[in-house]
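The structure appears below as structure tokens.
If you're wondering where the values come from, they're calculated on a predicted model, not measured in any experiment. Scope of the values below: all heavy atoms of this structure, side chains included, with no hydrogens, waters or symmetry mates.
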Amino acid sequence: MSTTSKASQRITALLDDNSFVEIGALVTARATDFNMKPNETPSDGCITGYGVIGGKPVYVYSQDASVMNGTVGEMHARKITSLYDLAMKTGSPVIGLIDSAGLRLQEAADALNAFGTIYSRQVLASGVIPQITAVLGGCGGGLALFPTLTDFTFMEEKNGKLFVNAPNALDGNVITKCDSSSAAFQSEECGVVDVVADETSILSRIRDLIAFLPSNSEEGSDMVECTDDLNRVNEELAGCVGDTSVALSILADDNDFFEVKSSYAKDMVTGFLKLDGVTVGAVANRSEVCDEDGNVAEKLDAVLTKQGCEKAADFVSFCDAFGIPVLTLTNVKGYKATMCSEKGIAKAAAKLTYAFANATVPKVNVIIGKALGTAAVVMNSKAIGADITFAWPQAQIGTMDGKLAAKIMYDGQGADVIREKAAEYEALQLSAGSAAKRGYVDSIVEAADTRKYVIGAFEMLFTKSEDRPAKKHGTV
């Protein structure tokens, strides 16, 4: 491997020291059309091989933009597909470092077929081994499917360009008006990108993510020794009903929470944490976004949105595929009510319902605020399969807000009556205690004690096994 190319330097920075073993270093292009000679394409613009991250075996390919602009042709693709074949045989993750001008025009139909062979391997590997892509340079046209067919996508904040159609090719748009290929657009508007950062940070963050993931679907949730206090009491948790990203950081071993897609659909938090050393996937409603100083920087409605549901559904499906238990923190009062939202919310909520109900991994739900209406049912309720449900003492669980219910039931009877009946309704119909009496909540726990109860629940569920009807696959 050339130690001077940027592609090789990226691999060196990503992997444990001196662990990389290159495969296919002598491969060159076979096509000779348009004066393209084989000896002009060392490694055919793609360095492939294997190494370790934190002691875990991984397979890596890194596109070399200094060779034919990193374009994908027949042999370039064959190196990647061969890498996938090895990864699936051995049960190890694949990490792709993308920096390419796209399709190699000189190879025409061979290059088109090459793209298809990579797509095929990515589909076969989906749900078998984790797939991670980092867009560090160009990633346009058909190449844009590489990251979107994988599980997690990282993108360099300045030089990364991800698009199917270039910004200037979009009707009514120019790149100066809206750079639809930018990391900001792809992470905030599209929800394609999980983490945006500079290149050095991206490679470091990929290492962090690998530490949370199992190597394959047979291995089960990743486990390490826990040095944190399993019974740690956190009085500050009660004040984190709004920003559940903070709550999950507090709950996590050593306060280490790896959030994914943090810039997209901020009303829904998704990410990984370890509880007693075991990786758990977390999904949580969010109504506030706090800044680094702990001040509320943004207020959100405690509702389900189309984007939030889709984000959470994809995450839950990943966790289920790889045997990662799922924790939910519920604080939701309904669905977003706008004309734009209405166009897709039913399908998105159905997708999230399906993901939770279909998942056979251990599932624990903690109701930390409101759990109102069918939106609460969607959020990993007992009705759709939560194994254990906890609630904080002040949680509200029921069909709707007490004041709204009183207005409907006692319409026209005056403000004093409605106020009185609203209080009665909240006590009788919305309290965590009333839900617990009916078996919809297993235990009411103080917010400060959440960590030890959640850890205990997952330990109890460790050997969970659940059968489902025989079928090829669902259709939602």
Pair Tyr335, Thr374: side-chain N/O donor-acceptor within cut-off below 3.5 Å:
yes
Hey, is CD on Glu236 packed in by over 12 heavy atoms from elsewhere, all under 6.0 Å?
yes
Distance alone, cut at 3.5 Å: any donor-acceptor contact between the side chains of Lys336 and Thr305?
no
With a cut-off of 6.0 Å (strictly less than), are more than 12 heavy atoms of other residues, nucleotides or ligands near CD of Glu459?
yes
Of Asp254, Asp222, Asp228, which meets salt bridge (Lys or Arg N to Asp or Glu O under 4.0 Å) against Lys274?
Asp222
So does Phe212 have more than 12 non-hydrogen atoms from other groups sitting under 6.0 Å from CZ?
yes
Verify whether the ring centers belonging to Phe315 and Phe272 lie closer than 6.0 Å.
yes
The residue among Thr330, Asp387, Asn380 that forms side chain to side chain donor-acceptor pair (under 3.5 Å) with Asn365 is Thr330
What is the distance from atom CD of Gln9 to atom OG1 of Thr12, rounded to the nearest 0.5 Å?
7.5 Å
Between Ser263 and Glu188, do the side chains contain a donor N or O and an acceptor N or O under 3.5 Å apart?
no
Given Val260, which partner from the list Asp194, Asp151, Thr153 fulfils the side-chain contact (heavy atoms from CB on, under 4.5 Å) test?
Asp194
Please tell me whether Asp198 and Ser201 have a donor and an acceptor in their side chains that are separated by less than 3.5 angstrom.
yes
Regarding Tyr50 and Ser92, is there a side-chain donor-to-acceptor distance under 3.5 Å anywhere?
no
Is it true that atom CD of Glu466 has more than 12 heavy atoms of other residues, nucleotides or ligands lying nearer than 6.0 Å?
yes
Counting C-beta onward and ignoring hydrogens, is there a side-chain heavy-atom pair between Val193 and Leu162 closer than 4.5 Å?
yes
Which word best sums up how the rings of Tyr84 and Tyr61 line up, parallel for under 30°, tilted for 30 to 60°, or perpendicular for over 60°?
tilted
Take a 6.0 Å sphere around CG of Asn18 and say whether it holds more than 12 heavy atoms from other residues, nucleotides or ligands.
no
Closest heavy-atom contact between Thr450 and Leu237?
CB-CD1, 4.1 Å
Is the gap between the ring centers of Phe152 and Phe318 under 6.0 Å?
yes
